[in-house]
Number of protein chains: 2
Amino acid sequence: MTTSRDTETRDRLLKAAERLFADRGFKKVTVRDICRAARANVAAVNYHFGDKLGLYREVMQSAIDAMRGTNDAAREAGAGQSAEEQLRRYIAIFVHRVLTPGNDTVHKLINREMNDPTPALDTLVEQGVRPRVEYLSGLIAEIIECAPTDQRVLRCVAGVQAQIISYLPNPIAARLGFAYKPTPANLDGIAEHVAEFSIAGVHAVGRAVHAR
Amino acid sequence: MTTSRDTETRDRLLKAAERLFADRGFKKVTVRDICRAARANVAAVNYHFGDKLGLYREVMQSAIDAMRGTNDAAREAGAGQSAEEQLRRYIAIFVHRVLTPGNDTVHKLINREMNDPTPALDTLVEQGVRPRVEYLSGLIAEIIECAPTDQRVLRCVAGVQAQIISYLPNPIAARLGFAYKPTPANLDGIAEHVAEFSIAGVHAVGRAVHAR
DNA sequence: AGTTGTTTTATACATTTGTTTGAGACAAAC
DNA sequence: GTTTGTCTCAAACAAATGTATAAAACAACT
């Protein structure tokens, strides 16, 4: 059982594939691209992972695990706090993990699946996205004092998520001066902004329909 | 100069291409896909548009024009109103145009460019996105009484846009019960929610930094 | 040293895809 | 009816791409 050289190229393939899949999406990345980046032979992907999709599935699985890690970290950070404070901390952790370069691949992959679903979508949703949405739904339902199934709750959750994701660097934002250096201070600033904006929004939506 | 049959297949190509490019993105759509959908020969694209990119550029140009139409409509709808009311109406028009099936191709294309830029990106940003962002920036700057160049303004603009876009149907949202029938009533509901949420958010952000 | 199981490599194959070409179809002008 | 300019079509080409294969390299164990 060789564990030095085998896992080396296998790992290099995974690393390279994660980067490339996140940056360009499943379809637009070539097996040859991955192998070149991983300094491996063209046949390496098929040998180690069966086929291109097999490799993608493994990449996605590790992304899901990372996502769970973020979920847990945020939950812990907010333990014992008020719902509003929990939401605030969730956003902070979230922003840092999503927007720190190098850690961003996870959410880039989610973004890719949102626009171009692959057979790996189901696992991602069930194991990664749903738990997150359900936690956030609980928080927001508590804040506006309604059932977690209330239509407004999901809309608020989506609103929070969408705001954060919109800070992922993209060529349109870059051209509009929406760029920033991902320093801890700047990320804190973003997190604070999103939290402020969102919490006020949530309260407003809660009030609005009560008043109806 | 024949204008009956020529423009017929040319138009069919444009129509089919718009749909397909919006749904799958430039790279993932095949010239053969487009031609099949338009009931045209494989060579038709190259004959009428030079190459695949030429066709895409024309599709993008008509998308930009549609975008300008939306901008103008929203501007008119808000003429003479308060900044807050202008924002409210902008969101309403925006939501209706973006989320009415069939009219959604424009923003799907923008979304595509955001994730997978093509050489048509510059035109899109300068002629379509920038005017919109600048109008919204003006509104929000007025609401929170600061310079339109203030960092918070752009963040709010992005927040509003991101929320709306997040209602575009996508497979992840679908699996999470975030689906809705795009009836006028439902779209009104969404617009109201986003407006309520965002305006409260904008005010909060305006207050927060004043208090620093 | 020899055997065995695993990994790497070069090469090949079948599809797919954007594009080209040359012949034909068509309609209007003469 | 012939010519002319424009469009359509079937076929072909070259490049790219996912995958397969068979030989070689390698490491561990006897």
Side-chain angles (χ1 to χ4, degrees), chain A residues 1-61 109 112-113 116-121, chain B residues 1-61 109 112-113 116-121:
Chain A
M1 59 194 70
T2 60
T3 35
S4 58
R5 183 143 140 213
D6 314 353
T7 52
E8 260 176 31
T9 56
R10 218 188 108 99
D11 280 356
R12 266 177 306 160
L13 284 173
L14 278 171
K15 274 280 180 215
E18 184 180 343
R19 239 296 55 82
L20 289 170
F21 282 143
D23 284 346
R24 298 192 221 154
F26 177 75
K27 181 73 187 295
K28 295 174 69 179
V29 173
T30 260
V31 173
R32 283 171 173 80
D33 287 336
I34 300 171
C35 291
R36 198 176 319 123
R39 302 189 315 282
N41 187 272
V42 214
V45 166
N46 300 275
Y47 176 74
H48 285 285
F49 304 96
D51 58 4
K52 187 185 172 186
L53 185 60
L55 168 55
Y56 182 78
R57 284 201 142 101
E58 285 224 16
V59 168
M60 186 55 84
Q61 189 55 56
L109 287 171
R112 294 281 166 198
E113 285 290 331
D116 304 293
T118 75
L121 174 67
Chain B
M1 61 196 74
T2 57
T3 36
S4 58
R5 182 143 139 212
D6 314 353
T7 52
E8 260 178 31
T9 56
R10 219 190 107 99
D11 280 356
R12 265 177 305 156
L13 283 173
L14 277 171
K15 273 279 180 218
E18 184 180 345
R19 244 287 63 78
L20 289 170
F21 282 143
D23 283 346
R24 297 191 222 156
F26 177 74
K27 183 71 188 297
K28 295 175 68 178
V29 173
T30 260
V31 172
R32 283 173 172 81
D33 287 336
I34 299 171
C35 292
R36 197 177 320 125
R39 304 188 313 281
N41 185 273
V42 213
V45 165
N46 300 274
Y47 177 76
H48 285 286
F49 303 95
D51 57 5
K52 188 185 173 187
L53 184 61
L55 168 57
Y56 182 76
R57 284 201 142 101
E58 286 223 16
V59 168
M60 186 55 82
Q61 189 54 56
L109 287 171
R112 293 282 168 198
E113 285 289 332
D116 304 293
T118 75
L121 175 66

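Everything numeric here is computed off the predicted structure, so don't read it as measured data. Every chain is numbered from 1, with letters handed out A, B, ... down the list of sequences.
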Heavy-atom closest pair, residues [X] and [Y]:
X      : Y      : result
B:R12  : B:A38  : NH1-O, 3.0 Å
B:I34  : B:A16  : O-CB, 4.0 Å
B:L121 : B:P117 : CD2-CB, 3.9 Å
A:L20  : A:V29  : O-CG2, 3.3 Å

Gap between atoms [atom1] and [atom2], on [X] and [N] respectively (whole Å):
X     : N      : atom1 : atom2 : value
A:D51 : D:dT17 : CG    : C1'   : 14 Å
B:K52 : D:dA15 : NZ    : C1'   : 14 Å
A:L53 : D:dT17 : CG    : P     : 18 Å
B:L55 : C:dG18 : CG    : C1'   : 13 Å
B:E8  : C:dA27 : CD    : C1'   : 14 Å
B:F49 : C:dG18 : CZ    : C1'   : 16 Å
B:R10 : D:dT8  : CZ    : C1'   : 16 Å

Between [X] and [Y], does any side-chain N to carboxylate O distance fall below 4.0 Å?
X      : Y      : value
A:K15  : A:D11  : no
B:R10  : B:E58  : yes
B:D116 : A:R112 : yes

Query raised in the report: Going by number, which of residues 14-24 of chain A have a non-hydrogen atom under 4.0 Å from DNA chain C?
Result: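 Nucleic-acid contacts, sorted: none.
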Query raised in the report: Do any side-chain nitrogens or oxygens of A:T9 fall under 4.0 Å of OP1 or OP2 in C:dT7?
Result: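 A:T9 to C:dT7 OP1/OP2: no side-chain N or O under 4.0 Å.
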Query raised in the report: Does C:dT8 have OP1 or OP2 sitting under 4.0 Å from an N or O in the side chain of A:H48?
Result: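 Checking C:dT8 against A:H48, a side-chain N or O does come within under 4.0 Å of OP1 or OP2.
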Query raised in the report: Hey, what do you get for NZ (A:K27) to OG1 (A:T118), rounding to the nearest 0.5 Å?
Result: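 Between A:K27 NZ and A:T118 OG1, I get 12.5 Å after rounding to 0.5 Å.
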Report task. Among B:K28, B:M60, B:K52, find the residue that satisfies the side chain to side chain contact (heavy atoms under 4.5 Å, CB included) test when tested with B:F21. Result ->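 In the set B:K28, B:M60, B:K52, the residue that makes a side chain to side chain contact (heavy atoms under 4.5 Å, CB included) with B:F21 is B:K52.
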**Report entry** Contact residues, residues 27-47 of chain A to DNA chain D [heavy atom, < 4.0 Å]
**Finding:**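 Within residues 27-47 of chain A, the residues near DNA chain D are A:V29, A:T30, A:V31, A:R32, A:A43, A:N46.
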